[in-house]
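What you are looking at is a predicted structure, and each value in this text was computed from that prediction instead of being measured.
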Amino acid sequence: QVQLVESGGGLVQAGGSLRLSCAASGRTFSSYFMGWFRQAPGKEREFVAATSWSGITITYADSVKGRFAISRDSAKNTVFLQMNSLKPEDTDVYYCAAGSPPLRIERVVNWGQGTQVTVSS
C-alpha cells in the first residue's frame, strides 16, 4: 500500500504560481506512474498530469500544457506539480495519485487526501 501526502496548495492571484508536492511512502512500485488530478464541487475528477518514476514518460491535459510542469525526485519519492500562469478556472482540489500506466482514474490505486488551490481574478 502506498501512502500519498500532498502539500503546497493555497490562494493565489490569476497569473501567479504555486508548487504542489506529493510525498509517497510505504510500498512504492517503480512501475507505477505518479500524477495529479483535480476536482471542482459537483464535477468529475479530471486528469492533470502524470509521470513515470524515471521521468521519461510525461503527459499533460491539454488545458494545462505549457503552464504546468510535473517532475519527481526519485530519491525522496516525491512528485511535484509546478503551476504557472494560473487562471481562475484552475481553482480545484488537487489530488496526487499512483497507479498503472497510462494513468487514468480507473487505473489509480492510491489517492492523496487532496489540497485546495484557489485562483482569484
Worksheet item: How far apart are the C-alpha atoms of Q116 and T91, what are their side-chain angles, what is the distance that settles it, and do they pass the side chain to side chain contact (heavy atoms under 4.5 Å, CB included) test?
Response: CA-CA 8 Å; Q116 176 71 46; T91 295; 4.0 Å; yes

Practice prompt. Assess whether salt bridge (charged side-chain N to carboxylate O under 4.0 Å, His left out) is satisfied between R67 and D90, documenting all intermediate values.
Written response: CA-CA 11 Å; R67 300 189 299 122; D90 294 318; 2.7 Å; yes

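- How far CG of L81 is from CD of E6: 11.0 Å, rounded to the nearest 0.5 Å.
- The minimum heavy-atom distance linking D92 with A40 is given by the pair OD1-CB, 2.8 Å.
- With hydrogens and angles disregarded, no donor-acceptor distance shorter than 3.5 Å links the side chain of S85 to the backbone of G15.
- The distance from atom CZ of F80 to atom CG of D73, rounded to the nearest 0.5 Å, is 5.5 Å.
- Side chains of Q82 and F68 form no contact here, defined as non-hydrogen atoms less than 4.5 Å apart.
- Checking side-chain atoms of T118 against main-chain N and O of L11 turns up no donor-acceptor pair under 3.5 Å.
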Discussion item. One pair to check against side chain to side chain contact (heavy atoms under 4.5 Å, CB included): L103 and V108. What are the steps and the verdict?
Written reply: CA-CA 7 Å; L103 195 61; V108 173; 4.0 Å; yes

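- A distance of 8.5 Å separates SG of C22 from CD of Q113, quoted to the nearest 0.5 Å.
- Distance alone, capped at 3.5 Å, places no donor-acceptor pair between the S63 side chain and the A61 backbone.
- The line from OG of S7 to CG of L20 is 8.0 Å long, rounded to the nearest 0.5 Å.
- One distance of note links CH2 of W36 with SG of C96; it measures 5.0 Å at 0.5 Å rounding.
- The shortest heavy-atom contact between A24 and L4 is CB-CD2, 3.7 Å.
- Here the shortest heavy-atom pairing between P88 and S121 reads CG-CB, 3.8 Å.
- Looking only at distances, no side-chain donor or acceptor of N84 sits under 3.5 Å from a matching main-chain atom of S17.
- Within the cation-pi definition used here (under 6.0 Å to the ring centroid, within 45° of the axis), R38 does not qualify as a partner of Y95.
- Remark: the backbone N or O of P101 is paired with a side-chain donor or acceptor of R107 at under 3.5 angstrom.
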Worksheet item: So R45 and I105, side chain to side chain contact (heavy atoms under 4.5 Å, CB included) or not? Walk me through it.
Response: CA-CA 8 Å; R45 195 167 295 188; I105 285 179; 3.8 Å; yes

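- The shortest heavy-atom contact between T78 and K76 is OG1-O, 2.9 Å.
- Hydrophobic cluster membership differs between V48 and V93, with clusters built from Ile, Leu, Val, Met, Phe, Trp and Tyr side chains linked at under 4.5 angstrom.
- To the nearest 0.5 Å, atoms CZ (F33) and OG (S52) are separated by 4.5 Å.
- The backbone N or O of V2 sits less than 3.5 Å from a side-chain atom of N110, completing a donor-acceptor pair.
- With hydrogens and angles ignored, the 3.5 Å screen pairs a side-chain donor or acceptor of Y60 with a backbone N or O of I70.
- The aromatic rings of F37 and F47 lie perpendicular to each other, with more than 60° between the two planes, well past the 30° mark.
- Residue Q13 qualifies as open at atom CD: its count of foreign heavy atoms under 6.0 Å is 12 or below.
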